[in-house]
Amino acid sequence: MSLNKVERNIIYQGKAKILYSCSNPSNLIQYFKDDATANNAEKHSIILSKGIINNFISEYLMKSLEIKGIPTHFIKRLNEREQLIKKVKIIPVELVVRNLAAGSIIKRYGINEGIKFSEPLIEFFYKNDSLNDPLLNEQHIEEFGWSDNNEIKLMKKEALRINKILIKIFDNAGIDLVDFKIEFGHCFNKKNEKQIILADEISPDNCRLWDKETKKILDKDIFRKNLGNLISGYQEVADRLGVKIN
Ligand code: UDP
């Protein structure tokens with residue numbers, strides 16, 4: 001057994017990923033599982049190789065964001081299921097950026113699916129499965145001490161920059177970026193200054209992706225809505241992005 005394997009401990013076990021410690025205390029290993037869940041894990045399946053495709057797609061998107069100046073936790077992909085990442089303390093607020101209406105927002109406000117928002121719409125949700133990730137406003141986030149005004153402004157600005165970059169990447173692949181969810185975390189940079197960086201993953205598990213022409217769904221809604229083969233949708237996203245899975 002390699003030294004790496006002996007040393008690692010599970011730090012966090014999520015629905016779709018596991019985080020392990022590694023020899024460098026500033027870093028972690030992020031492992032992509034095949035578990036697919038929906039409705040706060042009410043619906044659960046193992047979908048063979050989903051974790052592998054998400055690992056490669058997320059690597060590609062995180063690297064593309066880094067190139068455009070977005071600081072992320074991504075360091076490098078280690079193998080087909082694992083990435084080396086910077087260890088961060090996750091801010092328990094999920095940011096959802098929406099370009100077109102779909103998912104929870106259409107049920108919540110009774111609006112039509114597919115309408116384009118005049119500006120990208122940002123929503124916040126409290127990352128807490130036992131409470132079903134409730135919707136938050138900025139005052140809630142400050143009042144409950146999860147983040148402060150300056151950080152919220154920064155996260156919103158970063159979310160909009162990320163949205164612009166991702167829209168372009170997917171547009172070039174003939175795909176509409178309908179919406180996506182991101183998470184940020186705190187870490188310390190080389191000068192020991194506290195920094196906020198993009199964490200978690202960006203993959204068809206946490207984006208809505210529609211073919212621009214046919215509106216065919218290529219994301220986790222295939223699983224949520226029983227629309228067919230999830231892997232063929234995810235593989236199509238990888239192929240269109242030019243991401244090779246090997
Ligand atoms: N999303 C996610 N994790 C969550 C909730 C949502 O990654 O716990 C993503 C979801 O895949 C979609 C976007 O965030 O791309 C908006 O999701 P929505 O609020 O519509 O919730 P849903 O009904 O999809 O759970």
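- Under the 3.5 Å distance criterion, the side-chain polar atoms of H140 are matched with a main-chain donor or acceptor of N137.
- A salt bridge is defined here as a Lys NZ or Arg NE, NH1 or NH2 lying under 4.0 Å from an Asp or Glu carboxylate O, and R208 with D176 fails to meet this definition.
- Considering only residues two or more places apart in sequence or on other chains, I75 meets the side-chain contact (heavy atoms from CB on, under 4.5 Å) condition with N27, L84, K86.
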_Verdict with reasoning, F180 to V96, per side chain to side chain contact (heavy atoms under 4.5 Å, CB included)_ = CA-CA 6 Å; F180 61 96; V96 169; over 6 Å; no
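- Remark: side-chain polar atoms of D133 are not paired, donor with acceptor, to backbone N or O of K127 under 3.5 angstrom.
- Of the candidates E201, Q83, Q30, E201 is the only one forming a side chain to side chain donor-acceptor pair (under 3.5 Å) with K17.
- Not counting sequence neighbours, the partners of R77 by the side chain to side chain donor-acceptor pair (under 3.5 Å) test are E59.
- To the nearest 0.5 Å, atom CD1 of residue I122 and atom CG of residue N163 are 8.0 Å apart.
- Judged purely by atom type and a 3.5 angstrom limit, D221 has no side-chain atom pairing as donor or acceptor with the backbone of A102.
- Cluster membership check: I152 does not share its hydrophobic cluster with F125, using side-chain heavy-atom separations under 4.5 Å among Ile, Leu, Val, Met, Phe, Trp and Tyr.
- Residue pairs meeting the salt bridge (charged side-chain N to carboxylate O under 4.0 Å, His left out) criterion with at least one partner in residues 135-154, sequence neighbours excluded, are E138-K156.
- The nearest pair of heavy atoms linking I231 to N229 is N-OD1, 2.9 Å.
- Distance check: L160 CG to L95 CG gives 9.5 Å after rounding to the nearest 0.5 Å.
- Contact check for Y12 versus I18: no side-chain heavy atoms found under the 4.5 Å cut-off.
- Proximity of a side-chain donor or acceptor of D200 to a complementary backbone N or O of E183 within less than 3.5 Å is not detected.
- Placement of I245 and I47 within a single hydrophobic cluster is found when ILVMFWY residues are connected by side-chain heavy-atom separations under 4.5 Å, directly or transitively.
- No side-chain heavy atom of D179 sits under 4.5 Å from any side-chain heavy atom of V97.
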_Pair S130-N128, side chain to side chain donor-acceptor pair (under 3.5 Å): steps then yes or no_ = CA-CA 6 Å; S130 58; N128 186 317; 2.7 Å; yes
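- Judged by distance alone, with hydrogens and angles left aside, the side-chain atoms of E236 form no donor-acceptor pair with the main-chain N or O of L218 at under 3.5 Å.
- Checking E113, E123, E119 one by one against R98, the salt bridge (Lys or Arg N to Asp or Glu O under 4.0 Å) holds for a single residue, E123.
- Checked by atom type and distance alone, the side chain of R81 pairs as donor or acceptor with a backbone atom of F32 at under 3.5 Å.
- By the 4.0 Å N-to-carboxylate-O rule, K168 lies too far from D171 to be salt-bridged with it.
- In this structure, the side chains of D219 and C207 stay at 4.5 Å or more apart for every pair of heavy atoms.
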_Show, in sequence, the C-alpha distance, side-chain angles and deciding distance for S26 and K87, and conclude whether the side chain to side chain contact (heavy atoms under 4.5 Å, CB included) test is met._
CA-CA 5 Å; S26 305; K87 184 176 186 170; 5.6 Å; no
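- Taking SG of C22 as the start and CZ of R8 as the end, the distance is 8.5 Å to the nearest 0.5 Å.
- Rounded to the nearest 0.5 angstrom, I175 CD1 and I167 CD1 are separated by 13.0 Å.
- Applying the ring pair (Phe, Tyr, Trp, His ring centres under 6.0 Å) rule to W146 yields the partners Y126, F144; only residues at least two apart in sequence or on another chain are considered.
- Between I91 and M155 there is a side-chain heavy-atom pair separated by less than 4.5 Å.
- Side-chain atoms of N189 come within 3.5 Å of backbone atoms of N192 as a donor-acceptor pair (strictly under, hydrogens ignored).
- In this structure, K164 places its NZ atom where only 12 or fewer heavy-atom neighbours from other residues, nucleotides or ligands lie under 6.0 Å away.
- In terms of modelled atom types and a separation under 3.5 Å, the side chain of K43 and the main chain of F223 share a donor-acceptor contact.
- With sequence neighbours excluded, no residue satisfies side-chain contact (heavy atoms from CB on, under 4.5 Å) with K107.
- By the rule that hydrophobic residues join a cluster once side-chain heavy atoms approach within less than 4.5 Å of another member, L227 and I106 end up as members of separate clusters.
- Side-chain contact check for I70 versus I165: some heavy-atom pair is nearer than 4.5 Å.
- Using modelled atom types, one finds a donor on one side chain and an acceptor on the other under 3.5 Å when comparing K33 with Q13.
- Between V88 and H186, the closest side-chain pair of non-hydrogen atoms is not below 4.5 Å.
- Once rounded to the nearest 0.5 Å, the distance linking OG1 of T37 with NZ of K15 reads 5.0 Å.
- Enclosure of atom NZ in K68 is not indicated, since only 12 or fewer non-hydrogen atoms of other residues, nucleotides or ligands lie within 6.0 angstrom.
- Counting all heavy atoms, side chain and backbone alike, A199 lies closest to I90 at CB-CD1, 3.6 Å.
- Looking at heavy atoms from C-beta onward, L177 lies in side-chain contact with L209 at the 4.5 angstrom threshold.
- Rounded to the nearest 0.5 angstrom, L121 CG and L100 CG are separated by 11.5 Å.
- The shortest non-hydrogen separation linking A38 to R224 is CB-CG, 3.8 Å.
- Between R161 and E158 there is a salt bridge, since at least one side-chain N of the basic residue sits less than 4.0 Å from a carboxylate O of the acidic one.
- Remark: the backbone N or O of S21 is not paired with any side-chain donor or acceptor of N9 at under 3.5 angstrom.
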*Go through the steps for I11 and L28 under the test side chain to side chain contact (heavy atoms under 4.5 Å, CB included), then give the verdict.*
CA-CA 9 Å; I11 300 289; L28 292 176; 3.9 Å; yes
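- Ion pairing between a basic and an acidic side chain is recognised when a charged N comes within 4.0 Å of a carboxylate O; E82 and K76 show no such pairing.
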*Given side chain to side chain contact (heavy atoms under 4.5 Å, CB included), test I10 with Y20 step by step and report yes or no.*
CA-CA 5 Å; I10 292 180; Y20 294 99; 3.5 Å; yes
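- By the 4.5 Å heavy-atom criterion applied to side chains, I57 and L241 are counted as neighbours.
- Of the charged side-chain nitrogens involved, none lies within less than 4.0 Å of a carboxylate oxygen, so that K216 and D211 do not count as a salt-bridged pair.
- At a threshold of 4.5 Å between side-chain heavy atoms, the hydrophobic network of Ile, Leu, Val, Met, Phe, Trp and Tyr places Y234 and Y31 in two separate groups.
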*Determine, step by step, whether E80 and N55 satisfy the side chain to side chain donor-acceptor pair (under 3.5 Å) criterion, reporting the C-alpha distance in whole Å, the side-chain angles of both residues, the deciding distance to 0.1 Å, and the verdict.*
CA-CA 7 Å; E80 64 175 15; N55 184 17; over 6 Å; no
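- The salt bridge (Lys or Arg N to Asp or Glu O under 4.0 Å) test with D205 is passed by exactly one of K181, K50, K220: K50.
- Under the 4.5 Å side-chain heavy-atom criterion for ILVMFWY residues, a single connected hydrophobic cluster contains both F170 and I182.
- Under a 3.5 Å cut-off, the side chain of K244 and the backbone N or O of F56 do not form any donor-acceptor pair.
- Residues satisfying the side-chain contact (heavy atoms from CB on, under 4.5 Å) test with L48, not counting sequence neighbours, are D34.
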